[in-house]
Colleague: 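Questions regarding the structure given below will be posed in turn.
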There are 2 protein chains.
Amino acid sequence: MKQTGDLALMKKINKSIVMERIRHESPTSRARIAEKTGLTKATVSSLVAELISSDLVEEIGAGQSRGGRKPMLLLFNCSAGFAIGIDLGTDEITSILTDLNGRIVSESTVRSDNTNVDTAISALKACIGDLIKQAPISRYGVIGIGVGIPGFSDEQGNILFAPNLGWENIGLQAILEAEFAIPVVIENEANVGAVGEKRFGSSQAAASLVYVSIGAGIGTGIMLKEELYRGAFGYSGEMGHISIHHDGKPCRCGNLGCWELYASEHALIQEARAVYRDPTLDLDTLLKYAQAKETKALQLFTQHGRYLGIGIVNIINSLNPDRIIIGGRLALAEPWLVASMIEVVNKRSLPYPRAHLSIQFSTLGSKATVLGACSIAISRFFSSTKVWVE
Amino acid sequence: MKQTGDLALMKKINKSIVMERIRHESPTSRARIAEKTGLTKATVSSLVAELISSDLVEEIGAGQSRGGRKPMLLLFNCSAGFAIGIDLGTDEITSILTDLNGRIVSESTVRSDNTNVDTAISALKACIGDLIKQAPISRYGVIGIGVGIPGFSDEQGNILFAPNLGWENIGLQAILEAEFAIPVVIENEANVGAVGEKRFGSSQAAASLVYVSIGAGIGTGIMLKEELYRGAFGYSGEMGHISIHHDGKPCRCGNLGCWELYASEHALIQEARAVYRDPTLDLDTLLKYAQAKETKALQLFTQHGRYLGIGIVNIINSLNPDRIIIGGRLALAEPWLVASMIEVVNKRSLPYPRAHLSIQFSTLGSKATVLGACSIAISRFFSSTKVWVE
DNA sequence: GATACTTTGTAAATTGATTAAACTAACAAA
DNA sequence: TTTGTTAGTTTAATCAATTTACAAAGTATC
């Protein structure tokens, strides 16, 4: 939201700047913040005093002298409040409670048939209620709930369409906020994963990051600078439905030859079942075969890596991110996928966009989604005010 | 650049807000600006006074009363300075001089073999020198030069790589700034076209716009909100090198089955030359054939529209823009391309992202590039300070 | 141990842009 | 002529940051 400049905005900006420093460079001192931000020592002192009185910052005693008076060290009080993050899958709900630093306090996974809206919402409410009860007493209590969903949502937290759940037009944010009176954010699962990787993974310095979530289909979350790119109406990131074969197999989305028909976990399993003539084969089994160095399994993964690479080349050429993260359960197959994938990327992508790029498999694993959901909730709580001058 | 909040920033923000209003809603009055922006009448008065004394705004007399005292109408003084926009093609240079509203004062197109760096730079300097001489006397003179290039550049205005020119690592911005002592911006041709369409075309309200420039290859410029998306290192937008056929024809970029091998002007002409068995056939001739309703030409365009559609589906699914503009010389073929293109888009793209989308052919034609280049130069001059509160 | 110098943090006075409220100016409608 | 509305200015108050000064608490050096 664009707005005019007044003293309140000024203070909000500077308070955010100070808060960010303390959150991310804790412990630090008033003098050091003043030095790094360009604010005067007096301003920093006054803002820090307010942050202390609102329990977001604590003094933890004197630090080492740098040749003069010892600094009073300031710490971010990450226990001033707690956040809840949810991953709403098709047949289970994963939920975590974290402190304001994203450190997990409590977690749970329950099975639930989420294709039924009523069942799912009851289960969701139960999970959230449980975590709220477990939250330690704190100044601000549970400050927000973030929910990652396998589908599209708008800025008001309505689920517009979630194909794998069969949901359409469900005002989930409103329902949960009415129940708990806590701010709720609804966001696509891949978008949430992107935020999680950016904030808690190994990509915190990345300027632009694409998170590729591989499951039944392929979803992608795009982060530009510190912001999630949501497209014009919240439908961005369906890179799984980029056609890599314009007259290939028909996809249920209406297109032909979509990437996810070749490179999703589902596609791999289908192929593996055909090769092994075993209609019940699942990913875990296939991983075991690969670990045992079975030729057929290794070949399947090698081919799958190639398909992954083909789509990743499209991402590189079109968006030129400096970091691509492969997430979802298929990230477990990294050892057997990575070589052929990288080979395709190196052979096919434009050299300049590739030059500063790093491709990694998720280190957060299944935690990326729930952590990202918490992170979004926490960010909303701090609602950091930033000014960019072009 | 992120920065702290102080009184100077506050004023800069508000002055920009007032200036933007006057630029885009001219003529208007102090009272109306106050009403629409939320600033007080006193603040607006004070800022307008400064803008008037710096010659960017003029009073042009009283307007119509709305039931009380007549308002004093304020006009953006678009002749306070002038901007130069350049389109650096492979074999010609198009350049224009505009006022601060982007209205063209003077224009020229000269042929020049730009594959030779020295020749090209001399020709560029000559063009710019000519236009500077033609600029009317004004308070700020020529306030900036924008150059659209068929290649990649970094934020410092170095041309990193321009395949069709054969240029690599040329510090064009530095060279031109040293010569003319005027701020210079270097930007990819498709990016510049996107800015031109957004600012001067029929897409000024679009929240996110993708401009598809079809020529020898296919380039794309992506605008999110009011900002150009440049990727991590300035290499974004090479959607022409998204593969639509993963084991298709090899492209000189190293990839297989790139979209531009099927849907560029070059691809169309190659195909047409084969069909007509005429190795000298060009686009103008083919357009004439189509106008004369020749079956072979009509079929060629119909097929080409399908290929265009296939790539556009990829753009829709991955980025969910609310506006796509097809530009470049091939936009002239709209009447014979559009039906088959739209048919493919409607059949293949995801229904939700498609719902609020509008696809149009460029109305600015070849002017999009030079106008966009001017627009970027003008934006830099106003260096508008925008505040986003998240 | 005394002195000089540094660094940390607070206090008081100053600055400057916005706001709020009051006011002048100008006009329409009855 | 009166009443009410709109346009724009003036004046005083506000408030967050800055400037300047200074106190507190340390190190380094002779």
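Chain A is the first sequence line, chain B the second, and so forth, proteins listed ahead of strands; every chain is numbered from 1.
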Colleague: Quick one: list whatever passes salt bridge (Lys or Arg N to Asp or Glu O under 4.0 Å) with B:R69, sequence neighbours left out.
Modeller: none
Colleague: Please determine which of B:V142, B:I96, B:T98 meets the side-chain contact (heavy atoms from CB on, under 4.5 Å) test together with B:I84.
Modeller: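 Between B:I84 and the candidates, side-chain contact (heavy atoms from CB on, under 4.5 Å) is satisfied uniquely by B:V142.
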Colleague: Taking the six-membered ring for Trp, are B:Y229 and A:Y229 ring centroids under 6.0 Å apart?
Modeller: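 They do not qualify: ring centres at least 6.0 Å apart.
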Colleague: Can you tell me if A:N14 uses its side chain to pair, donor with acceptor, with the backbone of B:G5 under 3.5 Å?
Modeller: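 Here the side-chain-to-backbone pair exists.
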Colleague: Using heavy atoms and a sub-4.0 Å distance, could you list which residues of residues 34-47 of chain B are near DNA chain C? By number, please.
Modeller: B:T40, B:A42, B:T43
Colleague: Would you list the protein and nucleotides 25-28 of chain D atom pairs, both N or O, that sit under 3.5 Å from each other?
Modeller:
| residue | atom | partner | partner atom | Å |
| --- | --- | --- | --- | --- |
| D:dA25 | N3 | A:R69 | N | 3.3 |
| D:dG26 | N2 | A:G67 | O | 3.3 |

Colleague: Would you compute the distance between atom CD1 of A:I145 and atom CG of A:L131 and round it to the nearest 0.5 angstrom?
Modeller: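 Those atoms lie 9.0 Å apart.
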Colleague: State which residues pass side chain to side chain donor-acceptor pair (under 3.5 Å) with B:T40; sequence neighbours excluded, sorted by chain then number.
Modeller: B:T43
Colleague: Just jot down the ring pair (Phe, Tyr, Trp, His ring centres under 6.0 Å) partners of B:F180, sequence neighbours excluded, or say none.
Modeller: none
Colleague: I need the single residue from B:F82, B:F382, B:F381 that forms a ring pair (Phe, Tyr, Trp, His ring centres under 6.0 Å) with B:Y140. Which is it?
Modeller: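 Going through B:F82, B:F382, B:F381 one by one, the ring pair (Phe, Tyr, Trp, His ring centres under 6.0 Å) with B:Y140 is satisfied by B:F381 alone.
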Colleague: If you take any heavy atom closer than 4.0 Å to DNA chain D, which residues from residues 52-64 of chain A end up in contact?
Modeller: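 Heavy-atom contacts with DNA chain D come from no residue of residues 52-64 of chain A; none.
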Colleague: Kindly say whether A:K12 contributes a backbone atom to a donor-acceptor pair with the side chain of A:S16 at under 3.5 angstrom?
Modeller: yes
Colleague: In terms of the nearest nucleotide of DNA chain C, which residue is placed more toward the 5' end: A:A31 or B:K11?
Modeller: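 Between the two, 5'-proximity favours A:A31.
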Colleague: Taking C-beta and beyond as the side chain, do A:K198 and A:S203 meet within less than 4.5 Å on heavy atoms?
Modeller: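 No, their side chains stay 4.5 Å or more apart.
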Colleague: Atom NZ of A:K12 to atom P of D:dA17: distance rounded to whole Å?
Modeller: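 Rounding to the nearest Å, NZ of A:K12 and P of D:dA17 are 14 Å apart.
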Colleague: How bent is the helix from C:dG1-D:dC30 to C:dA30-D:dT1, measuring the angle between the end axes built from five pairs each, rounded to 10°?
Modeller: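 Taking the rotation axis at each end, their angle is 0°.
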Colleague: Would you say the side chain of B:V18 lies within less than 4.5 Å of the side chain of B:V48, judging by non-hydrogen atoms?
Modeller: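 Answer yes - side chains close enough.
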Colleague: For B:S45, enumerate each residue passing the side chain to side chain donor-acceptor pair (under 3.5 Å) test, keeping only those at least two apart in sequence or located in another chain.
Modeller: none
Colleague: Which pairs pass salt bridge (charged side-chain N to carboxylate O under 4.0 Å, His left out) with one or both residues in residues 30-39 of chain B, sequence neighbours excluded?
Modeller: B:E25-B:K36, B:R30-B:E59, B:E35-B:R66
Colleague: For B:E50, enumerate each residue passing the side chain to side chain donor-acceptor pair (under 3.5 Å) test, keeping only those at least two apart in sequence or located in another chain.
Modeller: B:K11, B:K15
Colleague: Only counting residues at least two apart or in another chain, list the ones meeting side chain to side chain donor-acceptor pair (under 3.5 Å) with B:N101.
Modeller: none
Colleague: Earliest and latest nucleotide of DNA chain C, 5' to 3', sitting under 4.0 Å from a non-hydrogen atom of chain B?
Modeller: C:dG16 to C:dA28
Colleague: OP1, OP2 of D:dA16 versus side-chain N and O of A:N14: anything below 4.0 Å?
Modeller: no
